[in-house]
*Asks:* 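Okay, here's the structure, questions in a sec.
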Amino acid sequence: MPQDPLIPTPEYLSRLNPEQRRAIETTEGPLLILAGAGTGKTRVLTTRFAHLLLTGRAYPSQILAVTFTNKAAREMRERVGAILGEPAEGLWLGTFHAICARMLRRHAEYVGLTSGFNILDTDDQLRLLKQIMEPFRLDTKRWPPNQLMGIIQRWKDRGLTPDRVTPAEDTDFANGHALAIYRAYQLRLRELNTCDFGDLMLHMVEILRSQPNVLAQYHRIFRYILVDEYQDTNTVQYLWLRLLAKREHGPSNIACVGDDDQSIYSWRGAEVENILRFEKDFPGAAVVRLEQNYRSTAQILAAAAGLIAHNEGRLGKTLRPGREDAQGEKVQIIGVRDSDEEARIVGGAIERLQADGHPLSEMAILMRAGFQTRPFEERLMTIGVPYRIVGGLRFYERAEIRDCLAYMRVLSQPSDDLAFERIINVPKRGVGAVAVQKLHGLARTLPGPLTAAVLTQIEQGTLKGKSKEALTSLMEAFQRAKATLETEGQVVAVEQLLEDSGYLQMWRDDRSVEAPGRLDNIRELLRAIGEFATLEGFLEHVALVMDTESETTDDKVSLMTLHGSKGLEFDTVFLPGWEEGVFPSQRSLDEGGNRALEEERRLAYVGLTRARLRAIVVHAASRRIYANWQASMPSRFIEEIPSEYVQIGGQSVESRRQAAAAPSMFASGPFTSTRPSGMPQTPRPRITDVQPQANVPVGATVFHQKFGEGTVIAVDGSRLEINFENGGIKRVMANFVEIRS
DNA sequence: GCGACTGACTTTGAT
DNA sequence: AGTCAGTCGC
């Protein structure tokens, strides 16, 4: 619906700032939109989408818009619909994977699949890989399957099919068999007519590379491409976008939105280089910087800017505060004794804010790792403050849901061996691993899936006794459900199947506390099936789209990881655990060196910029890691925040009583000069009863409480490798040995 | 085939 | 410390 070009400024453009308008009205040619935190990125993206439609530049079906999460896709869809005044139909708007799945169903035959292929979940992937690894007779202790899964995924992230893995890309993992296993795994996936998540991208890139006619078809369809969170793209995603965007004639109308300072997913294959390289990849690209921040106070922005300035190789942005309440509070830095005190202080601050009328839903505690939530949960529970944990187990990852889905998959596609294996003995029907092995053996001699092998064995009488009875009744349950599916639809059929197979009864008989909840989840699942026209439609939805993002508007404090907080905002943000080793994470530093440090710093930047009004950073002097106490130094990131934007607060156990009466949110006491004045290069434990981890020379004789005397043969940071006289070679923390000579 | 025991591990996690 | 998976023995 073309719009009269004479109308000067349409309403949807009127309330945008000049840079935002430029990002929207630069419609032709490649465009990189560098959108800092809180600069209205989503608004620009959705308005741009609507603008392309309203100015008649494209029909809805001619725009490709990709995001990383379903949540982002849903949000974009809703907001585009709101601008258009009607729900937008026929859009190519979705996650990379959902869009690739849609494409791949059209062209599956080019990679040896049929359009009805299944999409494996993480569970199935690993089970399948283990099966593939078996004939290689590897020591699974030394070569854990999940690590190999990681290697294969990284290959896929980089667009490498087995044939494209060069010797330089190969690994000696699994005694050099990794590539062979990868090849066998891919072969098996094809036999099963399935894909894992990585394949959705990988196969489509292969098809677009090798089938010029298919590529040309998409070039004709997509006139404009929009990409969200470009800094998070990995290599296959980049290749896919480039193939679709670069055409022989005419410009590449690709607009990518991203922020190099918020790239925090390199461990998942994301390449920041993609965004840093954009102008080279797409010559003549326009670059628009969105630097007007509408979220945070000037103090918070300046603090965050000072911190992120310590990173090198940035594209560079300067966020300007746009809020009316310009100045605001300084970032508070609180030093505490240990994690218990940390939880008490944060809990107390939350109570005080709440008493002052601040809603709990505007407060969040953001931590580096998921397990750090525990002390906070306990504390909040004790003082009766409602909280919610964001992230964690998703609905469809729960065992009972996966079991039900497996039943449904077999019902929909009896050839789905992986699903059948999952439920063949759930509930327990006396068909164990050995029996499954036998079935497998037979299935291999005949063509066809396991379910067919089972039927053959029942007919031929090869199966006997208990397992024959059990499997006969299971197969009958599937047949009855199949009939019901045609007459009464999927909800009734699935319910009947779960009943007949004894699956529901299994949970009714279960006396554990979780059982009733699990039955509730299953009921919820059955309800959800009804919202789809077909069982297959539902299964596709589950594999790619289903998230349980329950839009809870309850007044609760949010607890989540820093990663999980990206894209969200709160009035008040608590940032606990800012200690060397915890944040930045030692493990991350060990693996990735300076590159990893910069990513940790970006994570800190993401954390700070979630706050609208106040950010409170907390660090503890000692923390229990696994079993033992460790002295800890404040994070270097604290030092890196310019001191003028920081207020040192804090309190000791003794001064907490005064805190309640004090006017400020945190009493400051004489015990609390916890801000490091100049960062020591080596963290030095401040607890007196452990040995300082000072230089332990190789060759020194040391004594360990448990292992006795030994000789140091290597030093690795704070860990020592020691040859003990009667314990062999062990790696222990330097803190736990005494130097004898 | 199932339950008990051992031992290994413990960052981040969308699709 | 606690969990979870994998192995072992009955």
Side-chain angles (χ1 to χ4, degrees), chain A residues 66-73 94-102 104 119-122 125-127 130 139-142 144-147 149-150 153 156-157 195-202 228-229 232-234 236-237 263-270 366-374 390-394 396-397 399 424-425 428-437 465-467 470 540-549 560-567 577 581-592 596 599-600 602-604 606-607 624-629:
Chain A
V66 273
T67 64
F68 275 85
T69 64
N70 292 304
K71 193 179 163 203
T95 63
F96 277 99
H97 293 85
I99 286 173
C100 274
R102 181 169 161 194
L104 192 54
I119 300 164
L120 254 45
D121 65 28
T122 325
Q125 279 176 42
L126 196 61
R127 261 184 318 130
K130 282 178 187 164
D139 176 7
T140 48
K141 287 243 163 60
R142 193 152 165 234
N146 54 348
Q147 266 185 45
M149 197 72 247
Q153 262 162 20
K156 292 186 175 180
D157 285 345
C195 268
D196 63 18
F197 282 118
D199 285 338
L200 295 173
M201 296 295 317
L202 189 65
D228 193 14
E229 306 277 18
D232 289 339
T233 50
N234 61 32
V236 231
Q237 288 159 343
S263 155
I264 53 174
Y265 283 112
S266 73
W267 49 274
R268 200 159 85 175
L366 311 180
M367 36 238 141
R368 176 65 239 268
F371 63 79
Q372 289 174 273
T373 55
R374 197 144 298 194
V390 182
L393 255 202
R394 263 163 291 283
Y396 59 87
E397 283 172 349
I424 192 166
N425 201 30
K428 302 249 184 318
R429 40 175 81 88
V431 187
V434 180
V436 175
Q437 274 307 317
K466 222 171 91 183
S467 47
E540 169 96 352
H541 171 79
V542 168
L544 288 169
V545 183
M546 188 151 167
D547 48 17
T548 39
E549 201 63 46
M560 66 185 95
T561 63
L562 286 160
H563 283 94
S565 76
K566 197 167 91 164
V582 177
F583 187 42
S585 137
Q586 189 57 50
R587 180 155 172 188
S588 175
L589 263 38
D590 288 348
E591 281 170 16
E599 183 150 316
E600 295 281 304
R602 291 193 290 267
L603 201 49
V606 167
R624 196 153 66 166
I625 295 168
Y626 308 131
N628 35 16
W629 286 93

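Quick note on labels: first sequence line is chain A, next is B, and so on, each numbered from 1.
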*Asks:* If you measure from the ring centre of A/Phe96 to the centre of the six-membered ring in the base of B/dT15, is it under 5.5 Å, with the planes under 30° apart?
*Replies:*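 One would not call A/Phe96 stacked on the B/dT15 base.
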*Asks:* Given A/Leu544, which of A/Thr95, A/Ile119, A/Asn70 fulfils the side chain to side chain contact (heavy atoms under 4.5 Å, CB included) condition?
*Replies:*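 The single option meeting the side chain to side chain contact (heavy atoms under 4.5 Å, CB included) with A/Leu544 is A/Ile119.
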*Asks:* How is A/Gly198 classified with respect to the nucleic acid when contacts are heavy atoms under 4.0 Å: base, sugar-phosphate, or nothing?
*Replies:*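 The answer is nothing, as A/Gly198 stays clear of every strand by at least 4.0 Å.
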*Asks:* Measure the shortest side-chain to side-chain distance between A/Met560 and A/Leu366 over non-hydrogen atoms and say whether it is less than 4.5 angstrom.
*Replies:*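 SC-SC contact between A/Met560 and A/Leu366 confirmed.
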*Asks:* Of the candidate nucleotides C/dG6, B/dT12, B/dA14, which contains the atom at the shortest distance from the side chain of A/Lys130?
*Replies:*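 Given the options C/dG6, B/dT12, B/dA14, the side chain of A/Lys130 is closest to C/dG6.
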*Asks:* Any side-chain heavy atom of A/Glu591 sitting closer than 4.5 Å to one from A/Trp267?
*Replies:*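 A/Glu591 does not reach A/Trp267 side chain to side chain.
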*Asks:* Please give, in whole Å, the distance from B/dT10 C1' to A/Arg374 CZ?
*Replies:*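 Taking CZ of A/Arg374 and C1' of B/dT10, I get 12 Å after rounding.
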*Asks:* Once you round it to whole Å, what is the distance between C1' of C/dA5 and CZ of A/Arg127?
*Replies:*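 The distance from CZ of A/Arg127 to C1' of C/dA5 comes to 15 Å, rounded to the nearest Å.
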*Asks:* Looking at every strand, decide which applies to A/Lys566 at a 4.0 Å heavy-atom threshold: base, sugar-phosphate, or nothing.
*Replies:*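 Answer is nothing: A/Lys566 stays at 4.0 Å or more from every strand.
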*Asks:* Just to confirm, is there a sub-4.0 Å distance from OP1 or OP2 of B/dC2 to any side-chain nitrogen or oxygen of A/Asn425?
*Replies:*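 For A/Asn425, the contact criterion (side-chain N or O under 4.0 Å from OP1 or OP2 of B/dC2) is met.
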*Asks:* According to a strict under-4.0 Å criterion, is A/Thr561 in side-chain N/O contact with OP1 or OP2 of B/dG13?
*Replies:*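 Yes, such a contact exists.
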*Asks:* Between B/dT15, B/dC2, B/dT12, which one does the side chain of A/Lys428 approach most closely?
*Replies:*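 Given the options B/dT15, B/dC2, B/dT12, the side chain of A/Lys428 is closest to B/dC2.
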*Asks:* Using whole Å, report how far CG of A/Leu562 lies from C1' of B/dA14.
*Replies:*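 Rounded to the whole Å, the gap is 17 Å.
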*Asks:* Which of the following nucleotides, C/dG6, B/dA14, B/dC2, is nearest to the side chain of A/His97?
*Replies:*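 Comparing C/dG6, B/dA14, B/dC2 against the side chain of A/His97, the answer is B/dA14.
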*Asks:* Between B/dT15 atom C1' and A/Asp228 atom CG, what is the distance in whole Å?
*Replies:*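 In whole Å, B/dT15 C1' and A/Asp228 CG are 15 Å from each other.
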*Asks:* Under a 4.5 Å cut-off applied to non-hydrogen side-chain atoms, are A/Asp199 and A/Lys156 in contact?
*Replies:*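 They are in side-chain contact.
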*Asks:* Rounded to whole Å, please give me the gap between CZ in A/Arg602 and P in B/dT12.
*Replies:*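 Taking atom P of B/dT12 as the reference, CZ of A/Arg602 is at 18 Å.
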*Asks:* Look at the side chain of A/Arg268 and decide which nucleotide, out of B/dT12, C/dG6, B/dA14, has an atom nearest to it.
*Replies:*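 Among B/dT12, C/dG6, B/dA14, the one nearest the side chain of A/Arg268 is B/dA14.
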*Asks:* Step by step, work out the side-chain contact (heavy atoms from CB on, under 4.5 Å) result for A/Lys130 and A/Leu126.
*Replies:* CA-CA 6 Å; A/Lys130 282 178 187 164; A/Leu126 196 61; 4.2 Å; yes
*Asks:* For A/Pro144 and A/Gly564, find the nucleotide of DNA chain B closest to each by heavy atoms; which residue's nucleotide sits nearer the 5' end?
*Replies:*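 Its nucleotide being nearer the 5' end, the pick is A/Pro144.
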*Asks:* Starting at CZ of A/Arg624 and ending at C1' of C/dA1, how long is that distance when rounded to a whole Å?
*Replies:*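 Rounded to the whole Å, the gap is 8 Å.
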*Asks:* Looking at the side chain of A/Thr122, which of B/dG13, B/dT15, C/dG6 is the nearest nucleotide?
*Replies:*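 Nearest to the side chain of A/Thr122 among the choices is B/dT15.
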*Asks:* Taking any heavy-atom pair under 4.0 Å as a contact, classify A/Glu591: base, sugar-phosphate, or nothing.
*Replies:*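 Since a base atom lies under 4.0 Å of A/Glu591, the category is base.
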*Asks:* Rounded off to whole Å, could you give me the CG-to-P distance for the A/Asp157 and B/dG13 pair?
*Replies:*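 In whole Å, B/dG13 P lies 17 Å from A/Asp157 CG.
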*Asks:* Rounded to whole angstroms, how far apart are CG on A/Leu544 and P on B/dT15?
*Replies:*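 It is 9 Å, rounded to the nearest whole Å.
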*Asks:* On DNA chain B, compare the nucleotides closest to A/Ile264 and A/Leu200; which residue's is nearer the 5' end?
*Replies:*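 Counting from the 5' end, the first nearest nucleotide belongs to A/Ile264.
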*Asks:* Taking the side chain as C-beta and beyond, is there a heavy-atom pair between A/Lys566 and A/Thr69 under 4.5 Å?
*Replies:*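 Side-chain contact under 4.5 Å: no.
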